[in-house]
Each structure stands twice: as structure tokens, then as C-alpha cells.
Amino acid sequence: MNYWLMKSEPDEFSINDLKNKKNQTEAWTGVRNYQARNFMRDEMKKNDLVFFYHSSCKEIGIAGIAKVVKESYPDPTQFDKKSKYFDPKATEDNPRWFLIDIKWVKTFEEIIPLSLLKESKELKNMYLVQKGSRLSVQPVREKEFDFIKDQLNSK
DNA sequence: GCCAACGTTGGC
DNA sequence: GCCAACGTTGGC
């Protein structure tokens with residue numbers, strides 16, 4: 001099993017928006033970065049666990065946990081002319097963008113702030129805290145995942 | 001709102 | 001294939 005971190009702007013879509021969805025599940029549309037796409041297309045497998053991260057907001061940090069419930073398939077928004085994610089170079093026969101579905105697992109009682117992640121020497125090598133890192137879908141090491149979930153999470 | 005870091009585009 | 005110009009991300 002693998003572990004991941006996915007960013008979302010909570011003003012757009014927060015962890016509680018995920019919780020309130022039908023089946024508490026959401027298709028992760030709109031990722032338009034090749035590296036992030038490759039992770040979703042090739043490596044994210046059913047039941048992998050995902051940290052749900054809130055970015056560009058007041059309380060920046062890890063808000064909770066989700067899991068992969070459906071593996072790679074083409075992102076429908078790339079074919080939708082009315083979508084802001086429409087991609088004229090993508091075709092049904094040759095899609096460019098892929099995604100997965102995630103399901104809500106838990107919301108942490110308190111957001112684990114980015115500043116705390118940065119302070120933890122156990123997380124020195126975590127991708128998220130590296131300078132210039134901005135991937136919106138990124139792998140997390142098992143050790144890092146457990147440390148954050150067990151040591152930094154209040155509940 | 002600023003700006004550093006990164007990714008993409010397109011001319012050559 | 002290089003690289004300047006531009007666009008985006010995202011913390012502060």
C-alpha cells in the first residue's frame with residue numbers, strides 16, 4: 001500500500017465538502033500537471049491512504065485522511081468545452097488527463113499546521129516541506145505518514 | 001498583494 | 001534542443 005498527499009484550496013473544496021458529498025466520494029478533476037497526473041494514472045491504487053491538505057487559506061496544513069476508491073480513468077472535464085479544465089488537445093481516443101476517486105475517511109480535530117510539519121526533524125525529507133515544492137499530488141513515505149497521523153495528530 | 005520557484009510554450 | 005517569456009502555485 002502507498003501513501004499520498006493531495007492539496008485542495010478549502011474555499012473551493014474542503015475536507016468537509018468531501019465528507020458531505022454523496023457517498024463521501026469525489027472525482028479528483030482538474031489536475032493539469034504531468035507529474036501529478038502520472039501518480040494518479042500509474043501509481044495510486046485502491047485503498048491507498050491520502051492526506052487531505054488545505055492550501056492557500058487561513059489554516060494551512062493537513063486536515064484529515066481520505067482513501068483511493070477508484071483507480072485511474074480519464075478526467076471527463078478535459079472533453080467538456082464549457083469546463084475551465086477543457087483541453088483542446090485531448091480526445092476520447094487519446095486522453096491526456098487521468099484521475100482517481102477519493103473517499104473521506106476522517107477529519108482531524110485540528111488541522112496539522114504546515115509550520116509544525118516543517119519543525120519536525122522526522123519530516124526533513126518529506127516532499128511537502130522541500131523548498132519550491134508545489135506538486136498537488138505527491139507521495140508520502142509510510143514512516144512520514146505514520147509519524148504525522150500518530151504523533152502530530154491530536155485525535 | 002508580493003514574489004520565489006517551478007512548469008510550459010514557442011521562436012529560433 | 002536551447003532558452004526567454006510567460007503563467008501558475010502557494011506561502012508569507
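Letters A, B, ... mirror the listed sequences (proteins, then strands); counts begin at 1.
When side chains are defined from C-beta on, A:Arg41 does not count as touching A:Leu99, because their heavy atoms never get closer than 4.5 Å. Inter-residue side-chain proximity for A:Trp97 and A:Thr29 is flagged as unmet; no heavy-atom pair is nearer than 4.5 Å.
Residues of residues 77-87 of chain A having a heavy atom closer than 4.0 Å to DNA chain C: none are found.
Between A:Trp28 and A:Phe98, a ring centre-to-centre spacing not shorter than 6.0 Å is recorded. No close placement of the A:Trp4 and A:Phe51 rings is indicated, their centers lying 6.0 Å or farther apart.
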Once each nucleotide of nucleotides 3-10 of chain B is scored for protein heavy atoms under 4.0 Å, what B/S/- sequence comes out, 5' to 3'?
--BBSS--
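Nearest heavy-atom pair, A:Ala36 versus A:Val137, reported as atom, atom and distance to 0.1 Å: CB-CB, 3.9 Å.
If you take CG of A:Leu117 and P of C:dC12, they are 11 Å apart, rounded to a whole angstrom. If you measure from atom NZ of A:Lys58 to atom P of C:dC12, you get 16 Å, rounded to the nearest angstrom.
Panel note: side chain A:Asn47, backbone A:Met1; no donor-acceptor pair is recorded below 3.5 Å.
When the shell of 6.0 Å around CD of A:Glu110 is examined, it contains 12 or fewer heavy atoms from other residues, nucleotides or ligands. Counting non-hydrogen atoms of other residues, nucleotides and ligands closer than 6.0 Å to NZ of A:Lys45 gives a total above 12.
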